[in-house]
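A quick write-up on the structure given underneath.
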2 protein chains.
Amino acid sequence: MITNKNCIIRLSRYKNALYRLQALGFVKVFSDNLADAVGVTASQVRKDFSIFGISGNKKGGYQIDLLLEKLNSILGKDQLQKVIVIGAGHIGSALMRYRGFEKEGIKIIAGFDIDPAKINRSNVIPVLPLDEAKGFIKAQGIKIAILAVPDIAAQEVSEEISAAGIKGILNFAPLRLKDIEGCVINNVNLEIELENLIYFVNVAQKLK
Amino acid sequence: MITNKNCIIRLSRYKNALYRLQALGFVKVFSDNLADAVGVTASQVRKDFSIFGISGNKKGGYQIDLLLEKLNSILGKDQLQKVIVIGAGHIGSALMRYRGFEKEGIKIIAGFDIDPAKINRSNVIPVLPLDEAKGFIKAQGIKIAILAVPDIAAQEVSEEISAAGIKGILNFAPLRLKDIEGCVINNVNLEIELENLIYFVNVAQKLK
DNA sequence: ATCATATTGTTCCGTTTTTCACAATAACAT
DNA sequence: ATGTTATTGTGAAAAACGGAACAATATGAT
Ligand SMILES: NC(=O)c1ccc[n+]([C@@H]2O[C@H](COP(=O)([O-])OP(=O)(O)OC[C@H]3O[C@@H](n4cnc5c(N)ncnc54)[C@H](O)[C@@H]3O)[C@@H](O)[C@H]2O)c1
Ligand SMILES: NC(=O)c1ccc[n+]([C@@H]2O[C@H](COP(=O)([O-])OP(=O)(O)OC[C@H]3O[C@@H](n4cnc5c(N)ncnc54)[C@H](O)[C@@H]3O)[C@@H](O)[C@H]2O)c1
């Protein structure tokens, strides 16, 4: 069982690069083309594929459509993924308005908020009261939630929604949620991303 | 020279945990306290500190204020970091409205957009026309930019701003910008983050 | 002053991840 | 048919990383 996050991220990048190549009219691809497109070594590409039992053709490379099928299957893209957003504030509503997830087979189908002023049932993507979240998650079988509530609320809300059936949380609040049994938590911590960038910029400056 | 991104991210987390501990009244901390707070091993904490020549006191742990000074210095937090946002759309304006960066010493001082309708010079954080970006970057000595433009524009804009003096870009467009000499590029790819989360949720389900 | 104890700092070791290298082989050329 | 070539697939080597262990030592107790 593969637990290497970077490896899975590479698979996503391969997939994206393959769609671009396909759009350019390519039908097959070699490991080094793909490597260039994604910014890794050709060995890495072949090794990643090997891990998942993906094989190409000696001297013929990989047939893009077949490769995409396999990658999409590994990445769980065979079926539309329904996602909800908790917290329809600045970041939550930016995400809800974003169309880019749909071409990836990811659909935000509702938002939830504790503030009555944010509720809007008639919107394409409705914003519902938080206390309806539990029922909604169960009724619709939602597995994935994007958490965009203030940091003080994040821990409590994450426990509530996972109790209701959420199995994966993408957390934007800048704190470490404590582990929840049966729920995967990935964090998007933009403060830390910026801090990290600043560090590497400073290091690069000092090198010169 | 440290090139381990995870290590630097841990430093940020240590720093954040230390501020919380300090707020709770603690004056000193042991490697295992900090380890618990951040979710790593105590060895890892000491190793990270050792790499940067940070030392504590045998039997006395680390004095929080001194430790924070050193971490802040490593992370370049001695001085306010001025940042600009390119693309004042959904995500760009969510970021510009966010107050959370300031407590981290990161200040978004302007946004830039190509769309005249987005321009707003009188705002606290003004949104200016893109063609003023170059002059602004030079005049203010800006090093860091957040790139929140549509993917088709991202490559061109990134080259422009780095030519104007930007040394680090936090890119939200879901594509790989080609390497730019003298400019560090970090990506926040939310499509991939979600895809990744979905993969690990699926894997966890299959395990059971 | 001596001893016991707690905690660091660092070395060593195991694991994970990446890269290297090349044998296997399918496709193509002659 | 045979040979040549390009590219895969993988096993082995190297590098990076993280964790365990423990010697060094400062602190506090007696
Ligand atoms: N906006 C950004 O650019 C940005 C950047 C980095 C991190 N973040 C983080 O993302 C999170 C959201 O930020 P934001 O700027 O969108 O904040 P915001 O205040 O605009 O939105 C938060 C929303 O959550 C709602 N909310 C509060 N408690 C809730 C609860 N218990 N259940 C459901 N909804 C609840 C609020 O009513 C509000 O609509 C915060 O944790 C913030 O630190 C935001
Ligand atoms: N909104 C989201 O939740 C979200 C999520 C994931 C990724 N993204 C990515 O972030 C980027 C921005 O997304 P968004 O939703 O904010 O889009 P948006 O269309 O709301 O905003 C983009 C802004 O960039 C401006 N712009 C266009 N070309 C420009 C140029 N050359 N120079 C300066 N400004 C320019 C536009 O006028 C617009 O204001 C996109 O690449 C998108 O794929 C957004």
Side-chain angles (χ1 to χ4, degrees), chain A residues 1-14 17-18 21 26-71 74 176 179 196 199-200 203, chain B residues 1-14 17-18 21 26-71 74 176 179 196 199-200 203:
Chain A
M1 191 51 49
I2 302 302
T3 57
N4 182 344
K5 178 165 172 167
N6 285 330
C7 176
I8 306 305
I9 288 179
R10 283 195 301 269
L11 295 192
S12 289
R13 295 198 203 284
Y14 299 149
L18 287 167
L21 290 169
F26 290 95
V27 170
K28 63 179 193 177
V29 70
F30 302 120
S31 57
D32 64 336
N33 303 144
L34 202 46
D36 284 352
V38 168
V40 300
T41 64
S43 288
Q44 180 83 81
V45 172
R46 296 200 300 274
K47 175 71 80 175
D48 285 338
F49 288 175
S50 161
I51 288 169
F52 288 95
I54 295 175
S55 53
N57 310 300
K58 292 275 156 70
K59 201 165 175 185
Y62 303 83
Q63 202 180 320
I64 293 179
D65 55 357
L66 296 179
L67 191 45
L68 275 170
E69 248 172 54
K70 295 200 174 130
L71 291 175
I74 293 165
R176 194 172 84 93
D179 292 348
N196 198 259
Y199 172 84
F200 283 104
V203 166
Chain B
M1 191 50 52
I2 303 301
T3 56
N4 182 345
K5 179 166 173 169
N6 285 331
C7 176
I8 307 304
I9 288 180
R10 283 196 300 272
L11 295 193
S12 288
R13 295 198 201 285
Y14 298 149
L18 287 167
L21 290 169
F26 290 95
V27 171
K28 65 179 190 176
V29 70
F30 302 120
S31 57
D32 63 336
N33 305 144
L34 202 46
D36 285 352
V38 168
V40 299
T41 64
S43 285
Q44 180 79 81
V45 172
R46 296 200 299 275
K47 174 74 77 70
D48 286 337
F49 288 175
S50 161
I51 288 169
F52 288 96
I54 295 176
S55 53
N57 311 300
K58 291 274 157 72
K59 203 168 171 177
Y62 303 84
Q63 201 179 320
I64 293 180
D65 55 356
L66 295 180
L67 190 46
L68 275 170
E69 247 172 56
K70 295 203 174 127
L71 290 175
I74 292 165
R176 195 173 85 94
D179 292 349
N196 197 260
Y199 172 85
F200 282 103
V203 166

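Note that the structure is a prediction, hence the values are computed from the model and not measured. Chain letters run A, B, ... following the sequence lines, proteins first and then strands; every chain starts at 1.
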Closest non-hydrogen atom pair between [X] and [Y], with its separation:
X         : Y        : answer
Ala42(A)  : Ala35(A) : N-CB, 3.5 Å
Tyr199(B) : Ile74(A) : CD1-O, 3.3 Å
Asn33(A)  : Val29(A) : CB-CG2, 3.6 Å
Ala17(A)  : Ala37(A) : CB-CB, 4.0 Å

Using atom [atom1] of [X] as one end and atom [atom2] of [N] as the other, report the distance to the nearest whole Å.
X        : N       : atom1 : atom2 : value
Asp36(B) : dT7(C)  : CG    : P     : 13 Å
Lys5(A)  : dT17(C) : NZ    : C1'   : 17 Å
Ile8(A)  : dT17(C) : CD1   : C1'   : 14 Å
Phe30(B) : dG9(C)  : CZ    : P     : 12 Å
Lys59(B) : dC3(C)  : NZ    : P     : 16 Å
Lys58(B) : dT8(C)  : NZ    : C1'   : 5 Å
Asn33(B) : dA6(C)  : CG    : P     : 15 Å

*Those residues of residues 60-70 of chain A lying under 4.0 Å from DNA chain D by at least one heavy atom*: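 Heavy-atom cutoff 4.0 Å gives Gly61(A), Tyr62(A).
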*Where along residues 40-52 of chain B does a heavy atom fall under 4.0 Å from DNA chain D?*
Thr41(B), Ser43(B), Gln44(B), Arg46(B), Lys47(B)
*asked:* Please identify the 5'-most and 3'-most nucleotides of DNA chain D with any atom under 4.0 angstrom from a heavy atom of chain A.
replied: dT5(D) to dA12(D)
*Rounded to the nearest 0.5 Å, what separation is found between the CG atom of Asp32(A) and the CZ atom of Arg46(A)?*
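Taking CG in Asp32(A) and CZ in Arg46(A), the distance rounds to 8.5 Å.
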*Which distance, rounded to the nearest 0.5 Å, do you find between the CG of Asp48(A) and the CD1 of Ile9(A)?*
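Reported value, rounded in 0.5 Å steps: 12.0 Å.
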*For dT8(C), take OP1 and OP2 only and decide whether either is under 4.0 Å from a side-chain N or O of Asn57(B).*
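Indeed not, no polar side-chain atom of Asn57(B) lies that close.
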In a table with atom names and distances, give each donor-acceptor pair under 3.5 Å that connects a side chain of residues 52-69 of chain B to protein atoms at least two apart or in another chain.
unit_1, atom_1, unit_2, atom_2, d
Asn57(B), ND2, Gly61(B), O, 3.3
Gln63(B), NE2, Asp65(B), OD1, 3.1

*For Arg13(A), what residues pass the salt bridge (Lys or Arg N to Asp or Glu O under 4.0 Å) criterion, not counting sequence neighbours?*
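For Arg13(A), no residue satisfies salt bridge (Lys or Arg N to Asp or Glu O under 4.0 Å) once neighbours in sequence are set aside.
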*Among all residues two or more places apart in sequence or in another chain, which pass the side chain to side chain donor-acceptor pair (under 3.5 Å) test with Arg176(A)?*
none
*Should Ile8(B) and Phe200(A) count as side-chain neighbours, where that means a heavy-atom distance under 4.5 Å?*
yes
*asked:* Are the side chains of Phe30(A) and Val45(A) in contact, using a 4.5 Å heavy-atom criterion?
replied: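 No, too far: nothing below the 4.5 Å cut-off.
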*asked:* Mind checking if Asp32(B) touches a base, just sugar-phosphate, or nothing, with heavy atoms under 4.0 Å?
replied: nothing
